[in-house]
Protein chains: 2
Amino acid sequence: MAWEIQVKVNEDLYLRNPENSELGKNIVNHGVQMIDQMGLEEFTFKKLASRLKTNESSIYRYFESKHRLLLYFFEWYWRWMEYQLMFNANNVSDPIEKINIVLRVLMLKQDNMLVPGELMDKEALHRIVIKEASKTYLTKHVTEDNQKQFFKPYKDFNAKIAAIIHEYNPDYKYSKSLSSTVIEMVHYQYFFMQNLPSLTDFGVSKDENEIINFLKELILSCKRN
Amino acid sequence: MAWEIQVKVNEDLYLRNPENSELGKNIVNHGVQMIDQMGLEEFTFKKLASRLKTNESSIYRYFESKHRLLLYFFEWYWRWMEYQLMFNANNVSDPIEKINIVLRVLMLKQDNMLVPGELMDKEALHRIVIKEASKTYLTKHVTEDNQKQFFKPYKDFNAKIAAIIHEYNPDYKYSKSLSSTVIEMVHYQYFFMQNLPSLTDFGVSKDENEIINFLKELILSCKRN
DNA sequence: ACCAAATCGAAAGTATTACTACTATATCAA
DNA sequence: TTGATATAGTAGTAATACTTTCGATTTGGT
């Protein structure tokens, strides 16, 4: 490829930019894989270091804490989502069609999403966001992290969806809340489907696209009720 | 009072029933207060012990881990919620009125909710559930905990709401998913409102009842769209 | 009133986590 | 050759999440 998408992440999240060195790239790559495989609580820098055949302290030179590494992934994910949305919704003017695109993007159902040989494993990242993302903000120090703008990509993406909802129905009063509801529910319904199935109407064997339909109806019905 | 509501919690959650002793009651009481004040991650059995002027090991005789204590609160909360719903919806037959009641109960807006002198501080518990509940199931061992029935009260409550939605519109295909969406969103919108306000249409100063209205519309609009 | 069992408190110990600090080496470009 | 940058290694700290042991006290039944 002659071009590449560069996802820009808040510089305050890292001590040294992981994009600029082999070790850094490995930390990010294998970090995603390991958190996906073993879950956030089991994952430690020590284990990551031993997998990379290096030392704990080397990793701390890139990220000052596990939490910051998670925030890095979280930022990266939403910036990348924003790009996907922008790219796929380009030249589309019909709000309903835009809503379709939003949902497909959120469910990782876009064709061009998996570029072979690319740095970040998007499917693993998606699973991490589903399972671990809320832990980035359900903390004592949300306000602090928010002031440092760590949630900006997430909020920006939210604002984009809210704008599309507003476009679809300018009279609707709760476009921001509906937007955050839909975004969170893409993840929650997916998680419930796999782990607490009695909380959903979707089965793993059934088509996941049913989730899209459920959420689509939720959005579309904000008009005339 | 000549009567009292007894909330029954899964016996596998504790080693010794905390209801049966002073120390046990104190663990539960002060546990709620402390988690509410300092957040789950800061909270430790050591700190709780020192507050109760006792020893860490004494607490471990009641709950084998912090996680189990959290699950205890979580179970207790949803069993109590179920009771509140049953009590308040008694003799009500109109599904729309039932939906109103569900939302008021979920938002802790029932009059009879705060009984002075009662063991459990419901407002603190409510805040804990908003902020920490998802941590009970967003773990490596969800499946295991689920098999041990630790999420049963939560799932039962969900099923009740789903049944009411079904009653309101028997043709709707996603009553379970809509139910879990609404329950989670009561908490999320509340949390966002207080901590990441750009993700909602509600301000702290404004009436929280707007959340009820948003969710009510969400449910009611599942008919005819 | 007495004995056994239940309960509690205190102390100490373990493995692991989430770091920090300090030092040493390898690479490469001016 | 110098020096900046990247990486590596060792050691150490404070705290967490427990477990174990042991002795003292309380309690409940006969």
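The chains referred to below are lettered A, B, ... by the order of the sequence lines, with proteins before strands, and numbering in each begins at 1. Values below: every heavy atom of this structure, side chains too, minus hydrogens, waters and symmetry copies.
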Worksheet item: Which class fits the ring pair A:His187 and A:Trp78: parallel under 30°, tilted 30 to 60°, perpendicular over 60°?
Response: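 Tilted.
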Practice prompt. For residues B:Phe150 and B:Tyr137, establish whether the separation of their ring centroids is below 6.0 Å.
Written response: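 No, the ring centres sit 6.0 Å or more apart.
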Discussion item. Does C:dG9 have OP1 or OP2 under 4.0 Å away from a side-chain N or O of B:Thr54?
Written reply: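 The answer is yes; a side-chain N or O of B:Thr54 sits under 4.0 Å from OP1 or OP2.
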Separation of [N] [atom2] from [X] [atom1] (nearest whole Å):
| X | N | atom1 | atom2 | result |
| --- | --- | --- | --- | --- |
| A:Lys66 | D:dA15 | NZ | C1' | 15 Å |
| A:Glu19 | D:dA6 | CD | P | 14 Å |
| B:Leu69 | D:dA17 | CG | C1' | 14 Å |
| B:Leu40 | D:dA17 | CG | C1' | 13 Å |
| B:Glu64 | D:dT20 | CD | P | 12 Å |
| A:Phe63 | C:dC19 | CZ | C1' | 16 Å |
| B:Lys46 | D:dA14 | NZ | P | 13 Å |
| B:Asn55 | D:dC22 | CG | P | 16 Å |

Worksheet item: For DNA chain D, whose closest nucleotide is more 5', that of B:Glu42 or that of A:Ser58?
Response: A:Ser58
Discussion item. Contact between B:Phe214 and B:Glu210 at the side-chain level, heavy atoms closer than 4.5 Å - yes or no?
Written reply: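 Not touching, per the 4.5 Å side-chain cut-off.
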Discussion item. Please report the interatomic distance CD(A:Gln194) to CZ(A:Arg127), rounded to the nearest 0.5 Å.
Written reply: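 Reported to 0.5 Å precision, the distance equals 9.0 Å.
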Would you say the side chain of [X] and the base of [N] hold a donor-acceptor pair, judged only by whether the two atoms sit under 3.5 Å apart?
| X | N | value |
| --- | --- | --- |
| B:Ser57 | C:dA10 | yes |
| A:Arg61 | D:dA8 | yes |
| B:Glu56 | D:dC18 | yes |

Discussion item. Taking ring pair (Phe, Tyr, Trp, His ring centres under 6.0 Å) as the criterion, tell me which of A:Phe73, A:Tyr77, A:Phe74, A:Trp80 meets it with A:Tyr154.
Written reply: A:Phe74
Worksheet item: Reckon A:Arg16 touches a base, only the sugar-phosphate, or nothing at all at heavy-atom distances under 4.0 Å?
Response: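 Here A:Arg16 touches the bases of the nucleic acid.
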Worksheet item: Heavy atoms under 4.0 Å, any strand shown: does B:Tyr62 hit a base, just sugar-phosphate, or nothing?
Response: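 B:Tyr62: backbone/sugar contact only, no base atoms under 4.0 Å.
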Worksheet item: Between C:dT17, D:dT7, C:dC19, which one does the side chain of A:Ser21 approach most closely?
Response: D:dT7
